[in-house]
*Asks:* 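One structure, as structure tokens, below. Some questions next.
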Amino acid sequence: MIMDQEPSAQQPAGALPPALWEFVRLADYRLPNSVGASAALEKWTSFKRLFRYGDEEEQAPVKAEAELRMLSDSRLQALVQPIDWHCAAAALDLALADWLHTSKPDRPVRFVVGQPHCGHPEILAHWAARHRLHRVAAPSVEQILGGDERWREDWPSGDRPWVLPNLEHCYLRHADGLGLVRRLLAQAVSGALGRGVIGCDSWAWVYLQEVWPLPQPDALTLQAFDGARLSRYLGNRVSREKGGCLRFCNAVTGKEIQLACGPDDSKVSPEVNQLAVHSRGNIGVAWTAWRALLRSLPEQERPAEPKPESKKHEQSDEAERAAQGAQADDDFAAETVWVSASLQEPPLPAEKGEGMAFILHALLLHNGLPVSVLPELLPQPEHRIASHLLQLQALGVVDLAGGRWQISASAYSVVREFLRRRGFLRDEF
Amino acid sequence: METPQLARLFNTLDIGTLLELLLILALATLLIVVAQKLLPWLADQLHGVRRLYLLAMVPLLRLGILVAAFLLVVPLIIEPSFQNMVALLGTVGLALGFAMKDYASSLIAGVVVVGEMPYRNGDWIEINGIYGEVKHIGMRTVKIVTPDDTQVSIPHLRVWNDPIFNANCGLPQLQCVADFYLHPAHDAAAAKLVLQDVALTSPYLFFDGAIMVSVHEKPWATHYRLKAYPIDARQQFRFISDLTVRGKAALLRLGVSFVTAPVAAEISR
């Protein structure tokens, strides 16, 4: 965990730059500013999407980057580690501290709204674990469609707050799929279920406002990772974990991409700012895009597997392994990682009919769905849905995780823009 | 006697003037064709209001090009004096008034349509019981395509006297209605709520439009009208089908029975 990312309650807020992880009210969410070249590039990219056909998508890198290679999974894992949601949980703890420690709060339930891939279930899980709170599992599909109230029989009683991390999994966009969540929200907001925190995906949140308008002006969300925050986030991880000498360079211009190395460092390179604008402050999307941009020269690519003799030593000697790790860090510190100038997003299929749009929209409204449920929600026949899903999976637009189809982080921006242009209901981020 | 007058009315057309005339006509034709092909193609890449704006620009552009071409051509052919213009327009007006009255009326109505916009490209209109999407507004006729994929050409002169029903009036959305006829013995409040949820859960639904359920008691059934807006007007029939299919299923799960046929009293009425 990066300690200076932890929000500090002791220091006055005005003396420090904004905390890296910060929970704010929905109305206080600030999209990263797209200024100057970033704005123009974003609009140009958006305009090009209008006339782009999936199968004709230009996949080759630009000429100057042709000799660069994608990093291997192990290299990426080492350079860009998975997001540690503990830091976000600490920020949430700070935001909910007053509510949690008040015996009679104004509102029995607080809502935490998260964009897709921004980790709200993980954050709430960490927060619940930190306070040893009971986590309520979402009902099954059968319970939702059947309006089965027995789901709430195991609801925790007593004064201890509870946590429901996935409100988006408590309803289905089906004529029989809204009753359960309406009753749940009515009871929760009235205080009949005691005190609790409910996590909800941003798309489901907007939809549920139509189903059961929630009087929750103080719903919380993770503040956007603008250029400065993103630069600090990426810079911290490199500087702390790789010795601070790793250089990131623009693969086209060759210029070094400056990453902020501390809370007082305000360096924001145009590339990072563009990434923040592209991801609309969504840290999960930005993290995925950053990984996809990294390149290396072929000779810099280390073999994925250690040499056989090294492996032998590794198996026999822990100290040898540590030495190898240190050597690896030295290797990283001595090298330049190239950052591609063009982000290759998964293309949508050439045939962008309404059937495909419905699938994408349904997946976002529920933050992922089991394949068996989609035919219940959509007017297309099951075989067409399966065909679309496989096509989208092949293009990298959707992926199957935990039995649920969901929009991949790398395709989220494209899909959001696609649905926005067609007038679909979308989140407010 | 007449030959000198006509000679004064018309300019002498030498090779240069003829070439200029041909060039203007060819250019005007080319621009009109390009506008009529390019703008609808561009519009098809867009959605919502932008698409309809682009489509609506086609007849406006064409009218502008025609007027410009006319203004350029006339001085080349005739001597643009006051007497000549009166003589020419009078003659043309007399001919049109007697021989091609309806044709001329449609042409003038076509200009009025471009200005007043009782219908635009992309609108869903009904004229004389014919319902469909406006695909092309020509100089004389409007071409609409019915839900059965039949193209119908209707002269613009209909705008003078006939009512024009425009369902979306330049907007991407239009209201759709799904009808349900239920046996009167049922819980109407529950049925109304179910139908609202049916609309709310349709993937076609446009959320900024209101969902309404109206209930009318008839002698033979309770008539429910579920009104909502699809995201795109072109989805209206699929939207109504979706509402009907899922509405029927939801109402049946509620235990409501449908009226299968009107009773004799209704038929006789």
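Proteins come first, then strands; the chains are lettered A, B, ... in the order of their sequence lines, and each starts at number 1.
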*Asks:* Nearest 0.5 angstrom please: A/Arg426 CZ to A/Arg416 CZ, how far?
*Replies:* 6.0 Å
*Asks:* Counting N and O atoms only, with roles assigned by atom type, does the side chain of A/Asp148 sit under 3.5 Å from a partner on the main chain of A/Gln143, one being a donor and the other an acceptor?
*Replies:*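 Here the side-chain-to-backbone pair does not exist.
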*Asks:* Given that the side chain runs from C-beta out, which part of B/Gln235 has a heavy atom under 4.5 Å from chain A: side chain, backbone, both or neither?
*Replies:* side chain
*Asks:* Can you tell which part of B/Leu200 gets under 4.5 Å to a heavy atom of chain A, answering side chain, backbone, both or neither?
*Replies:*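 B/Leu200 touches chain A through backbone and side-chain heavy atoms alike.
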*Asks:* Measure B/Ser241 against the heavy atoms of chain A and call it side chain, backbone, both or neither at under 4.5 Å.
*Replies:*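 Neither part, no heavy atoms under 4.5 Å.
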*Asks:* So, do B/Leu205 and A/Glu210 sit near enough that their side-chain heavy atoms are less than 4.5 Å apart?
*Replies:*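 B/Leu205 does not reach A/Glu210 side chain to side chain.
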*Asks:* Which atoms of A/Leu365 come close to chain B, meaning under 4.5 Å heavy atom to heavy atom: side chain ones, backbone ones, both, or neither?
*Replies:*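 Answer is neither: A/Leu365 stays 4.5 Å or more from chain B.
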*Asks:* Please look at B/Arg51 and chain A and tell me whether the side chain, the backbone, both or neither of the residue comes under 4.5 angstrom of a heavy atom of that chain.
*Replies:* neither
*Asks:* With a 4.5 angstrom heavy-atom cut-off, could you sort out which part of B/Tyr204 is near chain A: side chain, backbone, both or neither?
*Replies:*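 Both backbone and side chain.
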*Asks:* In this structure, which one of B/Ile127, B/Val142, B/Ile130, B/Thr141 forms a side-chain contact (heavy atoms from CB on, under 4.5 Å) with B/Val152?
*Replies:*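 The option that passes is B/Ile130.
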*Asks:* Classify the angle between the aromatic ring planes of B/His223 and B/His216 as parallel (below 30°), tilted (30 to 60°) or perpendicular (above 60°).
*Replies:*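 If you compare the ring of B/His223 with that of B/His216, the planes turn out tilted.
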*Asks:* Quick one: which of B/Ser202, B/Gly247, B/Ala250, B/Ala249 has the most heavy-atom pairs under 4.5 Å with chain A, could you say?
*Replies:*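 Of the options given, most contacts go to B/Ser202.
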*Asks:* Quick check on the interface: out of A/Leu378, A/Leu178, A/Leu172, who has the most heavy-atom pairs with chain B under 4.5 Å?
*Replies:*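 Highest number of pairs under 4.5 Å: A/Leu178.
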*Asks:* Determine the interplanar angle of the B/His156 and B/Tyr119 rings, folded into 0 to 90°, and report it as parallel if under 30°, tilted if 30 to 60°, perpendicular if over 60°.
*Replies:* parallel
